[in-house]
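To start, the structure under review is shown below, and the notes come after it.
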Amino acid sequence: MERPIGDQTQFVPSVTFENLYGDSRLALDALEKDLGRGIKETQKLNADWAEDQLRVLRKDRREPLLDILLVDENGQILRAISTYWSYARNAQLALSPTDLAQFTVKNKKIVYPLVPQNDSALFWLARDEGRVQSALQKYFGEVEVGDYLAAHPAASEMTGSVRLAWVQKGRAGKSKFADEGIIFGNLGFWVNRKLRLGNSGPGIYVQRVRFDDSRLLPEDTYISPLDPTQVNKRGGKVMEDKYPNVRVIRVDPVLSKHDFIPLALNSSPNSEYPVVLSYTTARPWLDWVPKHGGVSS
């Protein structure tokens with residue numbers, strides 16, 4: 001069921017360049033702090049508005065993972081971005097506090113990055129629709145569910161149909177899904193500036209899934225598209241050798257360059273249970289970005 005369009009039909013900025021700064025010249029670090037506060041407040045005022053705009057844009061553009069709007073002071077949408085595909089393609093988002101402050105100084109106006117109220121994308125295989133829908137109804141109420149359009153037709157044909165729903169982060173995780181007999185995993189990125197094994201040239205971001213141990217899984221488990229031969233060739237060490245208590249499932253590195261998500265869903269750590277993968281919108285202006293972690297390749 002689709003969520004009704006909210007009552008808010010116009011964008012409401014909390015601050016503008018003119019009423020906040022006028023002709024004054026501020027040090028960049030002070031500007032970054034003021035912008036940070038203004039962006040947070042503008043996000044609170046416009047989360048539902050951003051939700052409605054993104055719902056329309058995803059359908060119109062057939063891009064189901066759009067999750068950030070860049071909006072000017074007049075409510076004009078300058079860009080809509082998929083943070084997942086940006087990192088998967090090793091694109092630079094240029095949305096750090098410094099980036100936004102420099103843009104403000106140069107253009108004498110503020111651009112607000114906005115995320116939707118429902119900021120987590122959940123993915124599962126269509127064959128598991130019944131059990132997953134039941135869990136979603138229990139923990140999230142009525143949600144809009146659609147087909148995830150795989151970026152590469154060959155991957156879609158090989159792996160089957162994938163379903164997608166956007167929900168609010170934090171309302172259900174591995175424990176609650178385990179109660180429903182569903183394995184819950186976090187879809188994200190491993191960051192390594194030394195090996196540079198990303199999808200697009202010498203990129204630093206590599207998609208991966210992490211399943212924390214739970215009563216459905218006896219050990220932490222990862223799904224990785226990295227070719228161990230390439231990791232070793234570039235002077236790295238594969239995770240299996242560094243962390244013997246961690247299980248690693250590897251998928252086809254060539255197909256994963258086109259679309260990792262359906263491949264990961266079809267590589268369940270336990271075939272007895274359905275799998276739900278969750279991707280949460282990154283927020284570079286809050287330093288919520290992929291980072292190099294302890295358990296890596």
Side-chain angles (χ1 to χ4, degrees), residues 1-6 50-69 80-89 115-169 171-172 177 180-189 199 207-209 211 223 225 251-252 254-269 271 273-282:
M1 176 182 295
E2 293 191 359
R3 186 178 67 82
I5 297 295
E51 178 81 38
D52 293 336
Q53 301 303 312
L54 282 165
R55 286 177 61 213
V56 172
L57 289 171
R58 288 167 187 155
K59 291 178 180 178
D60 288 350
R61 300 184 185 181
R62 295 175 63 82
E63 296 182 58
L65 299 189
L66 293 176
D67 58 353
I68 287 182
L69 295 178
I81 298 170
S82 164
T83 58
Y84 175 83
W85 281 113
S86 294
Y87 289 122
R89 293 163 180 156
V115 301
Q117 187 72 39
N118 294 321
D119 58 351
S120 265
L122 301 183
F123 306 88
W124 65 94
L125 293 175
R127 70 187 184 211
D128 300 321
E129 182 82 356
R131 293 177 70 175
V132 174
Q133 282 270 31
S134 177
L136 294 182
Q137 174 71 32
K138 181 174 181 179
Y139 296 120
F140 299 97
E142 294 292 336
V143 297
E144 182 179 353
V145 176
D147 287 318
Y148 168 67
L149 305 177
H152 186 58
S156 218
E157 291 169 8
M158 291 177 63
T159 57
S161 179
V162 173
R163 302 286 277 162
L164 164 67
W166 283 92
V167 300
Q168 193 167 3
K169 179 182 182 296
R171 293 178 60 182
F177 275 99
E180 310 305 313
I182 297 170
I183 298 173
F184 181 86
N186 290 297
L187 173 65
F189 293 87
N199 291 348
Q207 297 123 303
R208 73 174 184 184
V209 173
F211 300 97
I223 298 178
V251 298
D252 188 312
V254 176
L255 276 179
S256 69
K257 290 180 183 293
H258 300 291
D259 202 326
F260 174 70
I261 294 170
L263 294 174
L265 283 168
N266 277 273
S267 303
S268 172
S271 59
Y273 304 106
V275 169
V276 167
L277 300 182
S278 172
Y279 173 78
T280 298
T281 296

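Small disclaimer: the values here were computed from a predicted structure and weren't measured.
- In this structure, the side chains of E51 and N118 come closer than 4.5 Å at one or more pairs of heavy atoms.
- Residues L122 and F184 are in side-chain contact: their nearest non-hydrogen atoms beyond the backbone lie under 4.5 Å apart.
- The distance from the OG atom of S268 to the CD1 atom of I183 is 4.5 Å, given to the nearest 0.5 Å.
- A search for side-chain hydrogen bond (donor to acceptor under 3.5 Å, both in side chains) contacts involving T83 returns D67, Y279, not counting sequence neighbours.
- Of the inter-residue distances, the one linking R62 atom CZ with D147 atom CG reads 10.0 Å to the nearest 0.5 angstrom.
- Nearest approach of L255 to D252, heavy atoms of both residues: N-OD1, 3.1 Å.
- Qualifying salt bridge (Lys or Arg N to Asp or Glu O under 4.0 Å) partners for D119, counting only residues two or more places apart in sequence or in other chains: R283.
- Shown here are the side-chain contact (heavy atoms from CB on, under 4.5 Å) partners of S120, two or more places apart in sequence or in another chain: V167, K169, S278, T280.
- R171 pairs by the side-chain contact (heavy atoms from CB on, under 4.5 Å) definition with F140, Q168, not counting sequence neighbours.
- Using a 4.5 Å cut-off on side-chain heavy atoms (C-beta onward), Q207 and Y84 make contact.
- Looking at heavy atoms from C-beta onward, L277 lies out of side-chain contact with N186 at the 4.5 angstrom threshold.
- Residues forming a side-chain contact (heavy atoms from CB on, under 4.5 Å) with A50 (at least two apart in sequence, or on another chain): L69, L114.
- A donor-acceptor distance shorter than 3.5 angstrom exists from the side chain of R131 to the backbone of G181, with no hydrogens or angles considered.
- Residues satisfying the side-chain hydrogen bond (donor to acceptor under 3.5 Å, both in side chains) test with E129, not counting sequence neighbours, are W124, Q133, R163.
- Contact record, V162 with P262: CG2-CB, 3.9 Å, taken as the closest heavy-atom pair.
- In this view, E180 and K138 satisfy the salt bridge (Lys or Arg N to Asp or Glu O under 4.0 Å) rule, not counting sequence neighbours.
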Could you go step by step and tell me if I182 and V275 meet the side chain to side chain contact (heavy atoms under 4.5 Å, CB included) rule? CA-CA 6 Å; I182 297 170; V275 169; over 6 Å; no
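- Residues satisfying the side-chain hydrogen bond (donor to acceptor under 3.5 Å, both in side chains) test with Y273, not counting sequence neighbours, are none.
- Residues that satisfy the side-chain contact (heavy atoms from CB on, under 4.5 Å) test with P225, not counting sequence neighbours, are V206, V251, S256, F260.
- In summary, E144 and R58 do not engage in a salt bridge, as defined by a charged side-chain N under 4.0 Å from a carboxylate O.
- The shortest side-chain heavy-atom distance between L65 and I261 falls under the 4.5 Å cut-off.
- Closest approach of L66 and S82 over heavy atoms only: CD2-N, 3.9 Å.
- For F211, there are no ring pair (Phe, Tyr, Trp, His ring centres under 6.0 Å) partners two or more places apart in sequence or in a different chain.
- A282 and Y87 get closest at one heavy-atom pair: CB-CE1, 3.7 Å.
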